[in-house]
Amino acid sequence: MAIAGTDQYHDFHAHPDFAYLSGAAYPGSVLAFDPREGWNLFVPLASIDDRIWVGDGESLEGAATTTGIERPRPLSALASWLESHRGEPLAVLGNHDILQDAAAYGIRGWAPLEPELDVEASARLTERIAESRRTKDPSELSRMRAAANATAAGHRAAFRLARPGMTERALQVEVEAEFFRNGAARTAYGSIVGGGPNGAVLHFSPTARPFADGEIVLMDAAAEYEGYAADVTRTFPVGERFSGIQRDLYALVLGVQQQAVHDARPGVEYRDLHLAASLRIAEGLVSLGILRGSPADLVEQDVHALFFPHGLGHMLGLATHDAGGCLAGRTPSDRFGLKWLRADLPLQPGHVVTIEPGVYFIRALLTDPFRRSRYASQVNWDMVEQMLDFGGIRIEDDVLVTADGPEMLTASIPRELEEIEELRREGLRG
């Protein structure tokens, strides 16, 4: 349906479960399975009006070639197929829109079909697909490597082009253009580009604010290739080099990330990786005089989460926060230092995860009277007060877990201090 008053449509993104099972992304399509028949794919065919305004769309022959399903059918055949299965148990996976808007799929109504919606089977099968999606096969990894390569081109452009006076939006445009030039079909998510204090907003949308010399830029942006996402963050100086506390904090975050990547091995609990990274961040903040006390106690009391509130990372694949991040039977914690942890499972070969520690000076957290009172003695509030406009530092890479150790799919994107500073010098002098 067109957006009111625009004659335009929202950008279509297939539900990841549909894309995973079918290998395709057709708007308004339905994939059905019956053990007696196998797979059935129902694809809407373009009307004359559709062909005038948006093109011919996918043909049944093209759908057969793409998906491997021998005889895809027009969506108009779905109602009769459902009629032939009247009264049989029905499990619905992926997008449940078909249950809410049956008419959009050519179904006059569900009641006459007397379906027996099996909620338990729907949930069980959804969980099984999520489990299956955790481990990436060679074809999936090939797509993820292509997404990583396109992403690398964009981040290298940022190192080369960013400069004082350039706006966050202008840098976003240049970076995303490189993604597309290098094969991306779309961005994997809304690009995050924050200069100075804006870098402390975890999901910051770039604005017309210009970068100032002496600030740092946090850029979380990545490409998507044939449905598969990369997810990368880099932090770099607007000028030629990191200075003072910027350099110290960058070195801290980089060391935490390097150790977490090294430790991402089969059998390791992702939650343990997160807690170990939290402890190292607490140790670093104590050594810099920002926190006071025993690092272990600080993590136990979630004091570190004032500066590192999110999880260490998440699963990656057909979605940026991919399916299967939490092992069945585990429930998210409500602890301040754990409630945004998006992965809680033992790592296995074939898993692709992000590793993305960070340190931020988030004004909303650091000026909150409750937290100032609760952590009065553990935080050097005088020092924090002077750093409320610092922004944030995050370093994020995509890591494939293998039996031989971790493989960083995004290793070609510079992250070492000296390498980033050399690229900044070249870019500003070029």
Side-chain angles (χ1 to χ4, degrees), residues 130-138 140-145 147-149 151-152 155 188 220 222 228-235 250-284 299 304-305 308-328 330 332-333 337-338 340-359 393-416:
E131 292 170 358
S132 180
R133 283 173 53 191
R134 285 180 187 142
T135 302
K136 305 303 188 285
D137 65 26
E140 293 178 291
L141 290 173
S142 175
R143 292 171 170 85
M144 296 188 77
R145 294 183 201 281
N149 289 338
T151 300
H155 279 266
D220 185 340
Y228 285 82
D231 190 356
V232 174
T233 308
R234 289 294 184 266
T235 308
Y250 188 92
L252 167 60
V253 174
L254 178 60
V256 171
Q257 198 228 21
Q258 288 172 328
Q259 187 63 54
V261 170
H262 176 272
D263 293 343
R265 297 170 184 271
V268 172
E269 288 281 352
Y270 196 90
R271 187 176 186 272
D272 291 343
L273 280 182
H274 170 79
L275 290 172
S278 299
L279 180 61
R280 293 187 186 100
I281 285 174
E283 291 170 346
V299 171
H304 73 287
F308 176 41
H310 60 76
L312 182 64
H314 48 80
M315 306 294 284
L316 186 67
L318 279 165
T320 311
H321 297 154
D322 209 24
C326 188
L327 200 66
R330 299 187 183 183
S333 172
L338 289 172
W340 286 310
L341 181 60
R342 301 181 187 274
D344 186 5
L345 76 171
L347 297 177
Q348 299 297 336
H351 290 183
V352 178
V353 296
T354 66
I355 302 290
E356 49 179 306
V359 170
I393 293 172
R394 179 166 67 250
I395 306 171
E396 176 184 18
D397 284 286
D398 306 340
V399 177
L400 169 65
V401 181
T402 80
D404 299 322
E407 177 191 343
M408 201 156 71
L409 301 180
T410 47
S412 66
I413 306 174
R415 58 176 179 155
E416 297 289 342

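- S132 OG to R134 CZ: the interatomic distance, rounded to the nearest 0.5 Å, is 10.0 Å.
- Between P357 and V253, the closest side-chain pair of non-hydrogen atoms falls below 4.5 Å.
- By the 30° and 60° cut-offs, the orientation of the rings of F308 relative to H274 is tilted.
- The CG atom of D231 sits 5.5 Å away from the CG atom of D220 when rounded to the nearest 0.5 Å.
- The two residues Y250 and T235 make their nearest non-hydrogen contact at CE1-O, 3.3 Å.
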**Request:** Could you walk me through whether H351 and M315 pass the side chain to side chain contact (heavy atoms under 4.5 Å, CB included) test, one step at a time?
**Result:** CA-CA 7 Å; H351 290 183; M315 306 294 284; 4.0 Å; yes
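- Put simply, the side chain of V401 does not reach to within 4.5 Å of the side chain of R265, judged on heavy atoms.
- Proximity of I413 to R234: side-chain heavy atoms (C-beta onward) are separated by under 4.5 Å at one or more points.
- Nearest heavy atoms, L345 versus G324: CD1-O, 3.6 Å.
- Side-chain contact between L327 and P346 is present, with at least one heavy-atom pair separated by less than 4.5 Å.
- A distance of 10.0 Å separates CG in D397 from CD in E356, rounded to the nearest 0.5 Å.
- Side chains of L316 and M144 form a contact here, defined as non-hydrogen atoms less than 4.5 Å apart.
- Considering all non-hydrogen atoms of both residues, L252 and I281 come closest at CD2-O, 4.1 Å.
- The main-chain N or O of P138 is never found under 3.5 Å from a side-chain atom of S142 such that the two would form a donor-acceptor pair.
- Here the straight-line distance linking atom CZ of R342 with atom CG of D344 works out to 13.5 Å at 0.5 Å rounding.
- The two residues R280 and D263 come nearest to each other via the heavy atoms NH2-OD2, 3.8 Å.
- Ionic pairing of D322 and K136 is present here: one or more N-O contacts between side-chain nitrogen and carboxylate oxygen are shorter than 4.0 angstrom.
- Between V399 and A264, the shortest heavy-atom distance links the atoms CG1-CB, 4.4 Å.
- Under a 3.5 Å cut-off, the side chain of Y270 and the backbone N or O of C326 do not form any donor-acceptor pair.
- Between A152 and S412, the closest heavy-atom pair is CB-OG, 3.5 Å.
- R394 contributes atom CZ, which lies 4.0 Å from atom OG1 of T233 (distance to the nearest 0.5 angstrom).
- For the atom pair CD (E396) and CD1 (I355), the distance works out to 9.5 Å, reported to the nearest 0.5 Å.
- Residue pairs that meet the salt bridge (Lys or Arg N to Asp or Glu O under 4.0 Å) test with at least one member in residues 267-276, sequence neighbours left out, are E269-R330.
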**Test side-chain hydrogen bond (donor to acceptor under 3.5 Å, both in side chains) applied to T410 and D398, step by step** = CA-CA 6 Å; T410 47; D398 306 340; 4.8 Å; no
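- Here the side chains of Y228 and L141 are not in contact, with every heavy-atom distance at 4.5 Å or above.
- Side-chain contact, Q257 with R415: a donor N or O sits under 3.5 Å from an acceptor N or O.
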**Request:** Determine, step by step, whether L254 and I393 satisfy the side chain to side chain contact (heavy atoms under 4.5 Å, CB included) criterion, reporting the C-alpha distance in whole Å, the side-chain angles of both residues, the deciding distance to 0.1 Å, and the verdict.
**Result:** CA-CA 9 Å; L254 178 60; I393 293 172; over 6 Å; no
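- Here the side chain of T320 pairs a donor or acceptor atom with the backbone of A188 at under 3.5 angstrom.
- For E140 and R145, the salt-bridge test fails: no basic side-chain N is under 4.0 Å from an acidic carboxylate O.
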